[in-house]
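Both backbone and side-chain heavy atoms feed into the values below; hydrogens, waters and symmetry mates do not. Here is the naming used below: chain letters follow the sequence lines, and residue numbers restart at 1 for every chain. Since the model is a prediction, treat every value here as computed from it, not as a measurement.
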There are 2 protein chains.
Amino acid sequence: MHGFHMKSDDNNILGITNCREIGRTCACFKVRKAARAITKLYEEVLRPSGLRATQFSLLMATRVMGPVTVLKLAQVMVMDRTTLTRNLEILEKRGLITSKTGEDRREREVSLTTAGMEVLTTAVPLWEEAQNQVEKGLGEERLHNLLGDLSEMISLARK
Amino acid sequence: MHGFHMKSDDNNILGITNCREIGRTCACFKVRKAARAITKLYEEVLRPSGLRATQFSLLMATRVMGPVTVLKLAQVMVMDRTTLTRNLEILEKRGLITSKTGEDRREREVSLTTAGMEVLTTAVPLWEEAQNQVEKGLGEERLHNLLGDLSEMISLARK
DNA sequence: TGATAATAAGTGTATATACACTTAATTAAA
DNA sequence: TTTAATTAAGTGTATATACACTTATTATCA
């Protein structure tokens, strides 16, 4: 089900040998597809916490790094800075984080609030459920390798 | 740079042994991060074609499968049907695909237009550039394994 | 020191994503 | 065959994503 399937035989078009191969071999397509699938799984489990997948990651990162500037957080999240700004807006409106101007007044420093910490207390066990499901399904070894290769891909893509 | 980094030593909170581990081991976070990074790479290369990554995949899938129903296409893309509806809207407005009511009048059948095919003719060589970059960076063997593991993860997540 | 370059962040816009709900059409059941 | 259940698709809403551009502040240099 997870590839493009031909109906007819006119596959040698656009000057490449085998058109349908792209559906199977495209790194971007596959990773995006995997992101959609895995996100759905985690978000279903995280639902009782009221957090989306990105919000959970963002709160965890802020928890560990905060107070932290927008730029630094964006780098760690491998997320465009302007995307992060929009995501932080939502979390701040909900009172899960706060931000204030930094010592360098161009910077904005983000911190987790008590409410944010409380939401994480609810969310972390849910996260563990989802994570265990994936670990059990793929096997710890294989998942570990997969995550390592993805890290490599991320480094590679950022050059 | 790609993990949560602690400042202090208060890491044993929220009832889990090591908070920062989540930033390294979370399958969802890592895959989403990789999707952002790899998408950026492909979209920079695809830019001259005027196509985003998702649009390219969608046109290729339609090219290979069309005429195809929205539901079927959504399943192959591992994409929510309503997401697909919105994505198709944009491509149809640009004249790259057409859709018409199917034999079963609940269904909508999507096909690539000549203009869509022409855009793909421009895009495919660009795609190959991006793909080669990734292949060269990770190595064919490793990329192949990675894509296989991601397929496994996708299957697993859809249960 | 005053002009200029560099840096951090925000805004406008467009696309991507999916849930909850609705509508239209077909199929199955009474 | 009329009704009920099922199925395919669309809409309202909210979040996620990032590029191009702008603004405010700091750093550099002539």
Side-chain angles (χ1 to χ4, degrees), chain A residues 28-29 31-44 46-48 50-59 68-75 77-94 96 99-110 157-158, chain B residues 28-29 31-44 46-47 50-59 67-75 77-94 96 99-110 157-158:
Chain A
C28 185
F29 178 45
V31 174
R32 288 180 68 85
K33 215 165 40 165
R36 287 190 288 266
I38 201 80
T39 299
K40 189 177 175 70
L41 188 157
Y42 276 74
E43 293 199 340
E44 273 167 11
L46 280 175
R47 184 145 337 199
L51 294 180
R52 304 286 294 267
T54 295
Q55 296 173 337
F56 176 73
S57 300
L58 212 44
L59 290 182
V68 60
T69 66
V70 172
L71 185 61
K72 178 74 181 160
L73 202 47
Q75 286 167 345
M77 298 291 295
V78 188
M79 185 181 282
D80 190 272
R81 189 186 45 74
T82 68
T83 300
L84 182 58
T85 295
R86 301 288 158 72
N87 292 346
L88 290 175
E89 225 171 73
I90 295 166
L91 294 174
E92 190 156 21
K93 256 180 206 153
R94 289 200 201 155
L96 305 182
S99 68
K100 62 181 210 304
T101 302
E103 198 173 335
D104 180 335
R105 278 155 52 211
R106 290 172 299 186
E107 296 179 340
R108 197 143 192 83
E109 292 194 331
V110 181
R158 285 161 71 69
Chain B
C28 186
F29 178 45
V31 174
R32 288 179 67 86
K33 216 167 37 168
R36 287 190 288 266
I38 200 81
T39 298
K40 190 178 174 71
L41 188 157
Y42 277 73
E43 293 199 340
E44 272 166 12
L46 280 175
R47 184 144 338 193
L51 294 179
R52 305 285 294 266
T54 295
Q55 297 173 337
F56 175 73
S57 299
L58 213 42
L59 290 183
V68 60
T69 66
V70 173
L71 186 61
K72 178 74 182 160
L73 202 47
Q75 286 166 346
M77 298 292 293
V78 189
M79 184 181 282
D80 190 90
R81 188 186 45 75
T82 68
T83 300
L84 182 57
T85 295
R86 300 289 157 71
N87 292 346
L88 290 175
E89 225 171 73
I90 294 165
L91 295 174
E92 191 157 21
K93 255 180 206 155
R94 288 199 203 157
L96 305 182
S99 66
K100 62 182 209 306
T101 303
E103 199 173 337
D104 180 335
R105 278 154 53 208
R106 288 172 300 186
E107 296 179 342
R108 199 144 192 82
E109 292 193 331
V110 181
R158 285 161 68 70

Margin query: Using only atom types and a distance under 3.5 Å, with no angle test, would you say the side chain of B:Arg108 pairs donor to acceptor with the backbone of B:Val70?
Written below: no
Check: When we call it a touch if two heavy atoms are under 4.0 Å apart, what does A:Thr39 touch: a base, just sugar-phosphate, or nothing?
Finding: nothing
Notebook entry, point to check: Just to confirm, is there a sub-4.0 Å distance from OP1 or OP2 of D:dG10 to any side-chain nitrogen or oxygen of B:Thr85?
Noted result: yes
Note to self: Rounded to the nearest 0.5 Å, what separates atom CZ in A:Arg86 from atom CZ in A:Arg81?
What the structure shows: 10.0 Å
Next item on the list: Determine yes or no for a side-chain-to-main-chain donor-acceptor pair under 3.5 angstrom, with B:Glu109 supplying the side chain and B:Gly102 the backbone.
Entry: no
Note to self: Please report the distance, rounded to the nearest Å, between CZ in A:Arg108 and C1' in C:dG10.
What the structure shows: 10 Å
Notebook entry, point to check: In Å, rounded to the nearest 0.5 Å, how long is the span from CZ of B:Phe29 to CD1 of A:Ile38?
Noted result: 14.0 Å
Next item on the list: Sugar-phosphate atoms are those with a prime plus P, OP1 and OP2; base atoms are the rest. Using that split, label each nucleotide of nucleotides 16-25 of chain C B, S or - for protein heavy atoms under 4.0 Å, 5' to 3'.
Entry: SBBBB----B
Next item on the list: Can you tell me the distance, in whole Å, between the CD atom of A:Glu109 and the P atom of C:dG10?
Entry: 13 Å
Notebook entry, point to check: Just how far, in rounded Å, is P of D:dT15 from CG of A:Leu96?
Noted result: 12 Å
Check: So do the side chains of B:Thr101 and B:Arg105 get within less than 4.5 Å of each other, counting heavy atoms only?
Finding: yes
Checklist line | Rounded interatomic separation in angstrom, taking CD from A:Glu107 and P from D:dT26 | finding: 10 Å
Notebook entry, point to check: Starting at CD of A:Glu103 and ending at P of C:dA8, how long is that distance when rounded to a whole Å?
Noted result: 15 Å
Margin query: Given 3.5 Å as the limit, does a donor-acceptor pair link the side chain of A:Arg36 with the main chain of B:Val78, or not?
Written below: yes
